[in-house]
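The figures that follow rest on heavy atoms only: side chains count, while hydrogens, waters and symmetry mates do not.
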Amino acid sequence: QRLTVLLLCFLRQVRERLKKDVEQMKLQDPNFRPGLVVLQVGDRDDSNLYISMKMKAAAEIGINATHLRLPKTATEDEVLHSIREVNENSSVHGLIVQLPLDSIHKIDTEKVTNAVAPEKDVDGLTSINAGKLSRGDLGDCFIPCTPNGCMELIRQTGVSVAGKRAVVIGRSKIVGAPMHDLLLWSHATVTTCHSKTVDLAGEVGKADILVVGIGKAEMVKGDWIKKGAVVIDCGINHIPDESKPSGKRVVGDVHFASAKEQAGFITPVPGGVGPMTVAMLMANTVLSAKRFLEGHQPGRWNISYTTLNLQKPVPSDIVISRSCVPKPIDRLAREVGLLSDEVELYGKTKAKVQLHIIKRLQKQPDGKYVVVTGITPTPLGEGKSTTTIGLVQALGAHMKLNVFACVRQPSQGPTFGIKGGAAGGGYSQVIPMEEFNLHLTGDIHAITAANNLVAAAIDARIFHESTQSDKALYNRLVPLSGEQRKFSPIQINRLKKLGIEKTDPSALTDEEITRFARLDIDPSSITWQRVLDTNDRFLRKITIGQSPTEKGYTREAQFDITVASEIMAVLALTSSLEDMRQRLAKMVVATSCSGEPITTEDLGVSGALTVLMKDAIKPNLMQTLEGTPVFVHAGPFANIAHGNSSILADKIALRLVGPEGFVVTEAGFGADIGMEKFFNIKCRYSGLRPHVVVLVATVRALKMHGGGPTNLELLEKGCSNMRKQIENAQHFGVPVVVAVNAFKTDTEAELDLICDMAKAAGAFDAVRCFHWAEGGAGAVALGQAVQRACEAPSNFKFLYDLDLPIADKIRIIAQKIYGADDIQLLPDAQHKVELYTKQGFGSLPICMAKTHLSLSHEADKKGVPRGFILPIRDIRASVGAGFLYPLVGTMPTIPGLPTRPCFYDIDLDPETDQVNGLF
């Protein structure tokens, strides 16, 4: 009795079941398909035949199968490299190495087989899967396909394996050895026979179940076989047969004609075990894909937290940072659902996240979105960063919720200046703090390079236009390559902008050549400055071009600090690599003498900028002291830029935490500065809507706003600033939770007064926080208040309509947020209003460049100033970033160093390679 009918029936059932499984996975994630790679070395005909069968079966089921063919010249290292690449590819769930490896070089098959990641080893041949099988861990491994197919064939006969005598002939790692293990763990009494077995026929005659995989044509004779036995023939052999066109035919290891008379069931060759092996391979691939989906569902984290060893008195920030050993960053990445090919490691404690994760997560719901801001601060700050980190440590390590912090990368200017680092403080820090505060992954340096390339291009273009004729200029811009001139793609873009629909450089008229070649930049209109990530007051005004080689072309210029560069703002507001390319191209650097805006695309430099920024666009992954994840990405200043971390980091984090999780981000300086820009600029471009505002207040700052440090009356007077900032948040329709960042010098009466007044002013809640001294445990009350506030009604709205005139938008911010009576446009500002409206930039949002030390334009005016007119000195356009920024009063765009900068305390220990003195 042959198994052919049963086999065909079963194969059909398997195929339909796997198809349904694949469809079910696609319902979970429409972008998901099980992926299989078959790696082949050489070009053997038999291997090609087997691979074509596998590829066809995969296509029928809906598996995305790839045939990766390496030449016969491939070395062992090249094969291993290919395997590592597939291991790292998250879209591949099964990897088969087709054996034998047909290379002219010696290749260790065992080494190659074991290089396959065990979770992708759908052939079940790695030592790890083989070891699990031999131990009986059948649910935690991949079973080799041929033995697995044999077991399915035995089951189809209806014969129970348990208690039967089973004989396996052959002990190969592919068939014999795993077959023995499978039969054993199915409770058969198993004998493995091989070339040294004495009385092979006698052993075969005892078998109720016989599996043969010895590789010898028709070796097992019918008269060896016990009557009624189940015979599974795994052999594939060729013997001469002159009746066949090829002169040979395929037979198994069992003499089929005689064996079928004895056996109760017997598999044919060909057409028996082979199709079943392919079916089991497909089943393993689908199983691997299922495991992948189950293990990588956004929002399902398996994260471990770090326990703090709290000390009193609280040590310095750097001592605390060093006392905590951070988790390896690749482990944290896995814990929060990032895949190995979505992460680029930068050492052991930081990594970049690839943007293609956005596509994988695009159908996932967002978590809760929380923004941390503050009252008008003292020069030393009020602990927004510390509160942000303390809150996420509370939500994660103590409340066991998925949570991400998204913070800005600090400028090195303040780190070596007066304010110090920005990693938080006490027991609420991003670690390692020296990595966080110094260089990180080089994003700010990339911005410096890109910014200064633009600056160099501007002055070089003016110089070359002033020293050359139209024709000479054109010939150098479009040089001969071989025998002809050719426009670059970026030059084609400029031609289109000019309305010149030509691609042949020789076809341009003289007038078109002039228009194309000459930007005719008005030097007095240049708004693009060079940058440096150092506080240096002596670069606020400089003269460039004083070398004789510049032929008298000099002009006054200045340096800004790097984080004030428009490229930093572009990085923070971009949504993709393509979007960043477009934003960089739209940046306006000057105006032509005829009043036309000059962009980086006109300069021909926008493509190069994108290349310089291609790595900086990827968010940086770090962690807190308690092991919760942090994205550190982008760092625009809040008083002279928009002061928020990147949209990309927020969007990725919101998908990773899942609908019950939280993303906590920080807006720079007070609510009148960073929070207003967060809502009116960042949220406009991101499309994200925050659930809660956390407003940080301190006794110290509120006493300053009240006029002095002496008594509760002055503190109560200073609370007017907190009331105003609560009101500012309420303009946007978002619930406010006040976090009172407690210092050890604060009294109970002072803390109670602030909380009471905050609630009376309309805050959803107000809680005292001790996260600086206690870590996340000291911010649990804040976490609980934020969690409750996220469930409260929210009616988010923008402060102004973009279609309003520029002056009206500025006036709304000044009156509603700062409390001004009106604005005054000084002559330069009035001119820019007219210019930008004419140039088509009037509908951009507004980014006020104003002191952060007062609600007004005068830093010494504390509390809630009244009766003032806000002077607008000038207005500049960050067209690529997507906003206009009015300059209020005098606003230095590069800070200076104090008498005693922080760098006095910073040094390196040459024995331990540790950085000392950071805070």
Side-chain angles (χ1 to χ4, degrees), residues 373-384 418-419 637-643 667-677 680 695-731 738 741 753-754 757-758 761 799 807 809-826 829 846-875 885-893 895-896 898:
T373 186
I375 61 170
T376 304
T378 64
L380 295 176
E382 307 317 309
K384 287 192 313 301
I418 189 171
K419 195 169 182 287
F637 262 20
N639 53 355
I640 48 182
H642 77 284
F669 294 129
D672 57 309
I673 302 285
M675 183 198 71
E676 181 270 317
K677 296 170 184 178
N680 280 322
L695 184 74
V696 179
T698 62
V699 170
R700 176 182 70 184
L702 292 174
K703 282 182 175 179
M704 176 196 70
H705 285 296
T710 53
N711 56 43
L712 285 177
E713 279 187 24
L714 291 175
L715 176 61
E716 183 174 351
K717 179 183 175 186
C719 282
S720 61
N721 184 271
M722 178 181 67
R723 275 197 305 271
K724 174 57 179 164
Q725 300 289 28
I726 292 171
E727 175 192 305
N728 285 343
Q730 290 172 333
H731 282 310
V738 172
N741 186 16
L753 175 64
I754 295 172
M757 295 199 72
L799 191 66
K809 288 183 282 194
I810 298 171
R811 184 174 290 106
I812 288 170
I813 296 171
Q815 292 177 337
K816 289 191 174 182
I817 301 298
Y818 308 153
D821 286 350
D822 203 350
I823 63 170
Q824 178 187 13
L825 292 177
L826 299 179
I846 301 299
C847 180
M848 301 291 282
K850 181 187 81 70
T851 178
H852 59 286
L853 297 174
S854 172
L855 282 164
S856 75
H857 57 289
E858 298 178 275
D860 59 343
K861 295 290 193 296
K862 304 303 179 183
V864 184
R866 299 291 183 192
F868 65 93
I869 304 295
L870 192 74
I872 309 301
R873 177 170 59 85
D874 197 0
I875 303 174
Y885 60 104
L887 301 176
V888 180
T890 55
M891 175 60 55
T893 51

Whether Phe669 and His852 hold their rings parallel, tilted or perpendicular, with breakpoints at 30° and 60°: parallel

Between the main-chain N or O of [Y] and the side-chain N or O of [X], is there a donor-acceptor pair closer than 3.5 Å?
X: Asn728; Y: Ala671; value: no
X: Arg873; Y: Gly889; value: yes
X: His705; Y: Gly863; value: yes

To the nearest 0.5 Å, how far apart are [atom1] in [X] and [atom2] in [Y]?
X: Arg866; Y: Ser856; atom1: CZ; atom2: OG; answer: 11.5 Å
X: His731; Y: Ile726; atom1: NE2; atom2: CD1; answer: 12.5 Å
X: Ile872; Y: His857; atom1: CD1; atom2: NE2; answer: 9.5 Å
X: Lys677; Y: Thr373; atom1: NZ; atom2: OG1; answer: 11.5 Å
X: Gln725; Y: Ile375; atom1: CD; atom2: CD1; answer: 8.0 Å
X: Ile810; Y: Gln815; atom1: CD1; atom2: CD; answer: 12.0 Å

Heavy-atom pair of closest approach, residues [X] and [Y]:
X: Ala758; Y: Val738; value: CB-CG2, 3.7 Å
X: Gly383; Y: Asn741; value: CA-ND2, 3.7 Å
X: Ala667; Y: Met675; value: CB-N, 3.7 Å
X: Leu714; Y: Gly707; value: CD1-C, 4.4 Å
X: Leu825; Y: Ala807; value: CD1-CB, 4.0 Å
X: Ser854; Y: Pro865; value: OG-CG, 3.9 Å

Leu870 side chain near Val888 side chain, heavy-atom distance below 4.5 Å: yes

Asp822 side chain reached by Arg811 side chain, heavy atoms, under 4.5 Å: yes

Pair Ile869-Ile823, side-chain contact (heavy atoms from CB on, under 4.5 Å): steps then yes or no: CA-CA 5 Å; Ile869 304 295; Ile823 63 170; 5.7 Å; no

Distance-only donor-acceptor check, side chains Thr851 and Glu858, under 3.5 Å: no

Side-chain H-bond candidate by donor/acceptor type, Asn721 with Thr376, under 3.5 Å: yes

side-chain contact (heavy atoms from CB on, under 4.5 Å) between Tyr818 and Met848, worked out: CA-CA 11 Å; Tyr818 308 153; Met848 301 291 282; 3.2 Å; yes

From CA spacing to verdict: side-chain contact (heavy atoms from CB on, under 4.5 Å), Lys717, Leu702: CA-CA 8 Å; Lys717 179 183 175 186; Leu702 292 174; over 6 Å; no

Derivation of the side-chain contact (heavy atoms from CB on, under 4.5 Å) call for Asn680 and Ile846: CA-CA 8 Å; Asn680 280 322; Ile846 301 299; over 6 Å; no

Result of checking Val864, Val696, Leu695 against Met722 for side chain to side chain contact (heavy atoms under 4.5 Å, CB included): Leu695

Ionic contact status for Asp672 with Lys850, cut-off 4.0 Å: yes

Pairing of Arg700 and Glu382 as salt bridge, 4.0 angstrom limit: yes

Heavy atoms of other groups near Glu713 CD, more than 12 under 6.0 Å: no

